[in-house]
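Predicted model, so just to flag it, every value in this text is computed and none were measured.
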Amino acid sequence: MTLAPTHRNGQAVWSDTQLLYALEEVVETELNRHLAVAKEWMPHEYVPWSDGRNFDGVMGGEAWAPDQSKVSDVGRIALVVNLLTEDNLPSYHHEIATLFGRDGAWGTWVHRWTAEEGRHGIVMRDYLLTSRAVDPVELERFRMAHMSEGFESDNQHSMLHTVAYVAFQELATRISHRNTGHHSGDPVCDRMLARIATDENLHMIFYRNLLGKAFELAPDQTMGAVRDVVVNFRMPGHGMPGFERAAAQIAIGGIYNLRIHHDDVLQPVLRFLKVLEIGGLGPEGLKAQEELGLYMGGLDDQATKFDERREALLARRRARAERS
């Protein structure tokens, strides 16, 4: 097959297969960079094993109760959401292995990424159960319900959309883990999630750099993909039981909300790649760039309104607490 794109209205048009081949060398470069900077770490070292004891059931231990947890209320909610998201790793692997392939640099990256992400679920579950941070029965029931539903990516139709999505999503996950640690109230939890967040940041850099190269090769198509992903962005755990309610509590708790999404996730990637400054675009690329800029402005306005409502709610809660 030819690696050269076809042309329409004077603009290059790449198929997914052509882009996969064209980006293979960049993937290899980014993979080697990643392997050079990623540090080995052991999940068991971040778990307070001495705090562990048997639960009720076949071992005849002590049933879980909320007062056994060292983490804050919002910390418990976010930890469950974060872990359930990590639990769907088999589905994520299937999605990206199908899109990116299992051979060459792409395949090596897919398997390496999966192995690294696997550690996150291991250490989080071990921490949660050993420290009795959350109800283990509820956690397992949620896991079964969530994984039984399966996962289908919003971007499975396009390799380019998938690369754009994970460039933002990996940063969103890093921010969510880091803020959960800060709000957990448990230094052990904070240290564990900081270690996970370091991995997520390296994953973000891999995909962000890959997205930058895609802009060089196929600027119009990449701009359209970024526009679509930003406008329709959803976290991968959106289908889990009770996600909407949990997301609202996480937003009010300052772990992840519109302001954080705008300021700490979307803007850093867009600024680094200078997405809204890219020139030489064709009509479709210019349209996508303009729509992206308008959306970001509107999202900033929405985030400001959310901040005002959140502050008013927190003020009422503080007043009630003082009265009581």
Side-chain angles (χ1 to χ4, degrees), residues 1-35 91-114 117 151-172 202-234 236 266 269-270 272-292:
M1 62 164 276
T2 176
L3 293 182
T6 58
H7 287 78
R8 185 175 66 234
N9 298 325
Q11 299 296 317
V13 179
W14 297 76
S15 69
D16 272 7
T17 303
Q18 288 171 326
L19 277 173
L20 281 168
Y21 278 105
L23 290 169
E24 176 94 21
E25 186 175 337
V26 184
V27 172
E28 183 175 1
T29 298
E30 289 302 315
L31 172 63
N32 290 335
R33 180 199 54 77
H34 176 85
L35 295 175
S91 290
Y92 308 149
H93 174 86
H94 173 76
E95 293 276 342
I96 65 171
T98 300
L99 280 167
F100 297 158
R102 295 168 175 81
D103 301 318
W106 281 105
T108 302
W109 166 253
V110 166
H111 296 307
R112 173 70 188 201
W113 174 87
T114 302
E117 289 288 345
F151 173 80
E152 193 169 294
S153 170
D154 294 333
N155 303 290
Q156 63 176 323
H157 63 288
S158 162
M159 182 276 289
L160 197 51
H161 280 71
T162 298
V163 170
Y165 175 75
V166 288
F168 295 103
Q169 184 268 322
E170 292 283 4
L171 182 52
L202 291 179
H203 298 164
M204 178 276 293
I205 292 171
F206 178 95
Y207 286 117
R208 184 196 64 190
N209 292 352
L210 193 58
L211 185 61
K213 185 62 177 179
F215 266 115
E216 294 179 21
L217 290 173
D220 281 40
Q221 287 175 258
T222 307
M223 188 65 72
V226 169
R227 183 266 322 275
D228 294 344
V229 162
V230 169
V231 170
N232 300 299
F233 186 89
R234 297 194 294 177
L266 299 181
V269 176
L270 295 175
F272 183 89
L273 297 176
K274 297 181 172 57
V275 173
L276 297 178
E277 302 168 24
I278 292 174
L281 297 167
E284 292 182 8
L286 284 171
K287 182 174 181 288
Q289 188 180 50
E290 180 181 353
E291 290 174 347
L292 178 61

Step by step, work out the side chain to side chain contact (heavy atoms under 4.5 Å, CB included) result for Arg102 and His111.
CA-CA 8 Å; Arg102 295 168 175 81; His111 296 307; 4.3 Å; yes
Test salt bridge (Lys or Arg N to Asp or Glu O under 4.0 Å) applied to Glu30 and Arg33, step by step:
CA-CA 5 Å; Glu30 289 302 315; Arg33 180 199 54 77; 2.8 Å; yes
Steps toward side chain to side chain contact (heavy atoms under 4.5 Å, CB included) verdict (His93, Val110):
CA-CA 7 Å; His93 174 86; Val110 166; 3.7 Å; yes
What do the steps show when you test Leu270 against Val226 for side chain to side chain contact (heavy atoms under 4.5 Å, CB included), and what is the final call?
CA-CA 9 Å; Leu270 295 175; Val226 169; 4.0 Å; yes
Apply side chain to side chain contact (heavy atoms under 4.5 Å, CB included) to Leu211 and Leu273, showing your working.
CA-CA 8 Å; Leu211 185 61; Leu273 297 176; 3.7 Å; yes
Could you walk me through whether Lys213 and Glu216 pass salt bridge (Lys or Arg N to Asp or Glu O under 4.0 Å), step by step?
CA-CA 5 Å; Lys213 185 62 177 179; Glu216 294 179 21; 3.1 Å; yes
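Taken to the nearest 0.5 Å, the OG1 atom of Thr29 stands 10.0 Å off from the CZ atom of Phe206. The OH atom of Tyr207 lies 14.0 Å from the CG atom of Leu171; values are rounded to the nearest 0.5 Å. Taken from CD in Gln221 to CG in Leu217, the straight-line distance is 10.0 Å, to the nearest 0.5 Å. Once rounded to the nearest 0.5 Å, the distance linking CG of Leu160 with CG of Leu99 reads 11.0 Å. Gln156 CD to Thr98 OG1: the interatomic distance, rounded to the nearest 0.5 Å, is 9.0 Å.
Taking 4.5 Å as the limit, every side-chain heavy atom of Asn209 sits out of range of all side-chain heavy atoms of Val26. Two residues are said to be in side-chain contact when any heavy atoms from C-beta on lie closer than 4.5 Å; Trp113 and Ile96 meet this criterion. Between Glu290 and Arg227 there is no side-chain heavy-atom pair separated by less than 4.5 Å.
When all heavy atoms are compared, the tightest approach of Glu277 to Gln289 is N-NE2, 3.8 Å. Heavy-atom minimum distance, Thr222 versus Ala214: OG1-O, 3.1 Å. Of all heavy-atom pairs spanning Glu95 and Glu152, the tightest one is OE2-CA, 3.7 Å. Nearest approach of Ala167 to Met204, heavy atoms of both residues: O-CG, 3.4 Å. Shown here for Ala164 and Val229, the closest heavy-atom pair between the two residues is CB-CG2, 4.0 Å. Listed here is the closest heavy atom pair of Val269 and Arg208: CG1-CG, 4.2 Å.
Partner His161 forms a side-chain contact (heavy atoms from CB on, under 4.5 Å) with one of Asp154, Val166, Asp228 and no other, that one being Asp228.
Under the 3.5 Å distance criterion, the side-chain polar atoms of Trp106 are left unmatched by any main-chain donor or acceptor of Val27. Between the Gln18 side chain and the Ser15 main chain, a donor and an acceptor come within less than 3.5 Å of each other. Listed for the Asp220 side chain is no donor-acceptor partner under 3.5 Å among the backbone atoms of Leu281.
Shown here are the ring-ring contact (aromatic ring centres under 6.0 Å, His included) partners of His34, two or more places apart in sequence or in another chain: Trp109, His203.
For Tyr92 and Phe151, the distance between ring centers is under 6.0 angstrom. In this structure, Tyr165 has its ring center closer than 6.0 angstrom to the ring center of Phe233.
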